[in-house]
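In what follows, chains carry the letters A, B, and so on, assigned in the order in which the sequence lines appear, proteins first and then strands, with residues in each chain numbered from 1.
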Amino acid sequence: MPELPEVETIVRDLRPQLVGRQIRSAKLSHEDVLRGVTKRRLLTALAGARVVGVTRRAKHAVIDLELPARTARLVIQPGMTGSLIIHDRALTPDEAKYAVLRAPLDDGRELIYRDVRRLGTILLLDDRGWSAYDAALGPEPLDPALTPARFAGILASSRQAIKKVLMDQRKIVGVGNIYANEALFAAGIDPSRPSSRLTTHDSRRLLKHVRRILSAAIASQGTTFRDYRTGTGATGNFQLELLVYGREGEKCRVCGTRLAHTHEIDARITVFCHRCQQ
DNA sequence: ACGAGGTCCTGCGAGC
DNA sequence: TGCTCGCAGGACCTCG
């Protein structure tokens with residue numbers, strides 16, 4: 001499930017291939033992925049657009065476009081099962097089936113947004129729209145501007161379970177279920193603990209582990225459980241390094257206790273060690 | 001402001 | 001074998 005490390009990997013793979021390229025045309029198979037833009041407006045804007053930048057913000061891939069008379073940002077959030085890949089060959093029938101957006105490029109290759117479950121979203125924003133969208137998102141966890149004090153302030157402002165706060169994109173971006181589980185385990189913090197009850201020491205440790213784990217996951221090209229692929233179509237490798245997510249019922253790698261799981265926080269699976277996370 | 005629960009989507013695996 | 005059903009979940013919504 002594309003969280004920060006997965007989208008960062010996609011963006012790093014796409015950037016050298018996509019910047020400078022012109023999009024010839026575009027086709028969209030399903031309109032239900034669009035947010036705030038009609039199919040007609042999106043396809044019209046993409047046809048002939050030049051890509052001038054590929055960046056990441058939160059869990060979104062942001063493709064900066066130069067249009068004849070204006071600029072625009074194509075914002076793709078892969079959701080659960082989305083991937084962005086540049087193909088230099090014809091698609092297999094299976095690949096074509098789930099290709100939601102297809103955009104042939106001026107070099108003969110094709111940019112494909114693939115999304116099996118289509119929980120991902122596509123936006124097309126102008127500068128003002130982007131500013132508003134960006135402003136509603138929390139700070140980037142890997143940005144040094146997010147100081148331990150600022151992070152502590154964010155956590156102190158909510159009585160919700162720390163895991164839920166960590167996954168709230170308005171408070172801090174990029175962390176989803178997998179990395180929230182991993183970071184809380186590494187920091188030895190009970191996921192259900194009210195965020196505001198964490199000590200300064202807790203929040204410092206948590207930020208450190210969030211950063212360490214996100215960085216390690218980027219280095220491993222992300223976590224592939226089923227659908228996630230890098231920008232070149234490869235699987236990630238960080239699933240091999242997970243200590244709790246997907247390991248419920250197995251033994252804790254630190255203390256050997258059987259890992260517990262619950263759906264009580266935000267109706268998502270939380271896997272944790274009773275002993276290491278008190 | 002908060003918690004609870006529903007919605008979107010489809011593939012997959014369990015159970016019968 | 002073939003069917004139904006629950007689950008996976010990020011973001012967003014409504015309701016109380």
- [ ] Taking the six-membered ring for Trp and the single ring otherwise, decide whether the centroids of His209(A) and Phe185(A) are under 6.0 Å apart.
- [x]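 Ring centres of Phe185(A) and His209(A) not closer than 6.0 Å.
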Can you tell me if the side-chain N/O atoms of [X] get under 4.0 Å from OP1 or OP2 in [N]?
X         : N       : result
Tyr98(A)  : dC9(B)  : no
Tyr245(A) : dG9(C)  : yes
Arg117(A) : dA8(C)  : no
Arg268(A) : dA8(C)  : no
Lys59(A)  : dA11(C) : yes
Lys97(A)  : dG11(B) : yes
His263(A) : dA8(C)  : yes

Open item on the list: For a quick check of understanding: with a heavy-atom distance under 4.0 Å over all strands, which category does Asp32(A) fall into, base, sugar-phosphate or nothing?
Closed with: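 The residue Asp32(A) makes sugar-phosphate contact but no base contact.
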- [ ] Confirm from the modelled atom types if Arg226(A) and dA8(C) form a donor-acceptor pair under 3.5 Å, side chain to base only.
- [x]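 Such a pair does not exist between side chain and base.
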Provide, to the nearest angstrom, the distance between the [atom1] atom belonging to [X] and the [atom2] atom belonging to [N].
X         : N       : atom1 : atom2 : value
Lys164(A) : dC2(B)  : NZ    : P     : 9 Å
Arg114(A) : dT10(B) : CZ    : P     : 14 Å
Asp115(A) : dT10(B) : CG    : C1'   : 10 Å
His30(A)  : dC9(B)  : NE2   : C1'   : 10 Å
Tyr179(A) : dG10(C) : OH    : P     : 12 Å
Leu34(A)  : dA11(C) : CG    : P     : 18 Å
Arg118(A) : dG9(C)  : CZ    : P     : 20 Å
Asp266(A) : dC12(C) : CG    : P     : 13 Å

Open item on the list: Check this for me: does any side-chain nitrogen of one of Arg70(A) and Asp126(A) sit under 4.0 Å from a carboxylate oxygen of the other?
Closed with: no
Task: Within residues 74-83 of chain A, residues whose heavy atoms come under 4.0 Å of DNA chain C - done: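 Close to the strand are Gln77(A), Met80(A).
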Polar side chain donor-acceptor pair, [X] to [Y], under 3.5 angstrom:
X         : Y         : answer
Tyr228(A) : Thr81(A)  : no
Thr270(A) : Lys163(A) : yes
Ser192(A) : Asp190(A) : yes

- [ ] Only counting residues at least two apart or in another chain, list the ones meeting side-chain contact (heavy atoms from CB on, under 4.5 Å) with Pro141(A).
- [x]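 With sequence neighbours excluded, Pro141(A) shows a side-chain contact (heavy atoms from CB on, under 4.5 Å) to Leu4(A), Ile172(A), Val173(A), Val210(A), Leu214(A), given in chain and number order.
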Task: Hydrophobic cluster identity match, Ile76(A) and Ile23(A), side-chain contacts under 4.5 Å - done: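 Yes, Ile76(A) and Ile23(A) fall within the same hydrophobic cluster.
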Open item on the list: Heavy-atom nearest nucleotide on DNA chain B for Lys171(A) versus Leu119(A): which residue maps closer to 5'?
Closed with: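 Nearest-nucleotide comparison on DNA chain B picks Lys171(A).
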- [ ] Hey, can you tell me if Tyr245(A) and Phe225(A) have their rings parallel, tilted or perpendicular (30° and 60° cut-offs)?
- [x] perpendicular
